[in-house]
Number of protein chains: 2
Amino acid sequence: MAENLDATDWAILAELQRDGRVALTELGRRVSLSASAATDRLRRLESLGVITGYRADIDLTKVGYPVLAVVRLKYPGSRHEPLHRLLERRQEVLECLRTTGEDCYTLKVAAGSMAHLERLVDELARFGSTTTNVVYSQTLPYRGPGTPPDEGRP
Amino acid sequence: MAENLDATDWAILAELQRDGRVALTELGRRVSLSASAATDRLRRLESLGVITGYRADIDLTKVGYPVLAVVRLKYPGSRHEPLHRLLERRQEVLECLRTTGEDCYTLKVAAGSMAHLERLVDELARFGSTTTNVVYSQTLPYRGPGTPPDEGRP
DNA sequence: CCGGTCGCCGGGGATCCGCCGGTATATTCC
DNA sequence: GGAATATACCGGCGGATCCCCGGCGACCGG
């Protein structure tokens, strides 16, 4: 499962997490490689499934979703399909983590207003009891690790 | 704050969330616009700050971080700088949301193993009491809304 | 030694990007 | 009304970039 990445691969991954649209020529320059060598490595990372895609980061406030919240859902039943269908239909649900513990799901949702958030939570509450926390601020932008775990001294 | 985006802008945003590395020519084709018109709109969205950046999505399991967890931290003090410094230094912390409620912070962390996660939680517990839930699965890949809030019928 | 593999480099044609001018429609101002 | 301005789009051109291919050197294993 560990795909045996060397330091150059990690440098490429780091660069692409910082600037996912960088030109291949420039990418090679940044990791001290020719453009074609960097491209070979990038294509390999893509075909191995290490890189699963590229996406633009959007300022949710500027597109009309200024309210961010974490909703935890305690779902007593075992039939999860109806919930999953709702989550897929509702684009306001940004992330859905199924976890251990009392609260089976931890969701990150965006809303246009408190009234909007209230409606979303009501809809989710049809499936179980919810706990909602509004987000003041998101300290870190989403990012990923830049080096292997180094389990000897993690 | 709402930057007055029309349907074409939303189509561009949707396309870039699906494939952030699409060529401008192809982007124009996908939203039924010439390449230069699509480029103009994209640059406008970037300069308005609607698009804040581009990044590659990485399969954390394949790069040696198979364990994902949500850690909530109840932080009694008011001096947050030491905590923030730790969060910045620790690349295992993927996301940091400061929220309402008892648990001031909700963190999403990645680890190479349970032992690694244990160490991370121990480190965080120096700042307050923590609640940790391991993630079974991440149902939705990260995504954003594809249309304006439509608060009339949200 | 020698054939095979691997990673990297460089070239050349096709494609794309960035910039410019031009057009059509709507708005504003005199 | 009529003209000037603004906005959004298109198309084209030079230069940069991408994609594909062949070649080079290092590193095995026989």
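Chain identifiers are assigned alphabetically (A, B, ...) following the order of the sequence lines, protein sequences preceding nucleic acid strands; residue numbering begins at 1 within each chain. Note that the structure is predicted; figures quoted are calculated from it, not measured.
The closest side-chain donor-acceptor pair between A:Gln17 and B:Tyr54, if any, does not fall under 3.5 angstrom.
Distance B:Asp40 CG to C:dG22 P: 17 Å, rounded to the nearest Å. As rounded to whole Å, 16 Å separates atom C1' of C:dC17 from atom CG of B:Leu33. To the nearest angstrom, C1' of D:dT17 lies 15 Å from CG of A:Leu42. Atom P of nucleotide C:dG18 and atom CD of A:Glu26 are separated by 13 Å, given to the nearest angstrom. Computed from coordinates, the B:Arg29 CZ to D:dC9 P distance equals 18 Å when rounded to whole Å. One can place CG of B:Leu27 at 12 Å from P of C:dG18, the figure rounded to the nearest angstrom. For the pair A:Glu46 CD and D:dC18 C1', the computed distance is 13 Å after rounding to whole Å.
At least one side-chain nitrogen or oxygen of A:Thr25 sits closer than 4.0 Å to the OP1 or OP2 atom of D:dC18. Under 4.0 angstrom from either OP1 or OP2 of D:dC19 there lies at least one side-chain N or O belonging to A:Arg43.
Of the candidate nucleotides D:dC10, C:dC9, C:dG7, C:dC9 has the atom nearest to the side chain of A:Ser36. For A:Arg41, taking side-chain heavy atoms from C-beta onward, the closest of the listed nucleotides C:dG7, D:dC18, D:dC9 is C:dG7. Checked against C:dC9, C:dG18, D:dC10, the side chain of A:Ala37 finds its nearest nucleotide in C:dC9. Closest to the side chain of A:Ala23, out of C:dC16, C:dG18, D:dT17, is D:dT17. Candidate nucleotides D:dC18, C:dC16, D:dC9 were compared by shortest atom distance to the side chain of A:Leu24, and D:dC18 ranks first.
The local environment of CD in A:Glu46 is crowded, with over 12 non-hydrogen atoms from other residues, nucleotides or ligands closer than 6.0 Å.
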- Dump the intermediate steps for side chain to side chain contact (heavy atoms under 4.5 Å, CB included) on A:Gln91 and A:Tyr65, then the final yes or no. CA-CA 11 Å; A:Gln91 61 181 354; A:Tyr65 291 83; 3.6 Å; yes
- Task: Check step by step if salt bridge (Lys or Arg N to Asp or Glu O under 4.0 Å) holds for B:Arg30 and B:Glu26.
- Result: CA-CA 6 Å; B:Arg30 302 236 181 109; B:Glu26 178 62 21; 2.9 Å; yes
- Report the C-alpha separation of A:Tyr105 and A:His80 in whole Å, then their side-chain angles, then the decisive distance to 0.1 Å, and conclude whether the ring-ring contact (aromatic ring centres under 6.0 Å, His included) test is met. CA-CA 11 Å; A:Tyr105 291 95; A:His80 295 264; 5.7 Å; yes
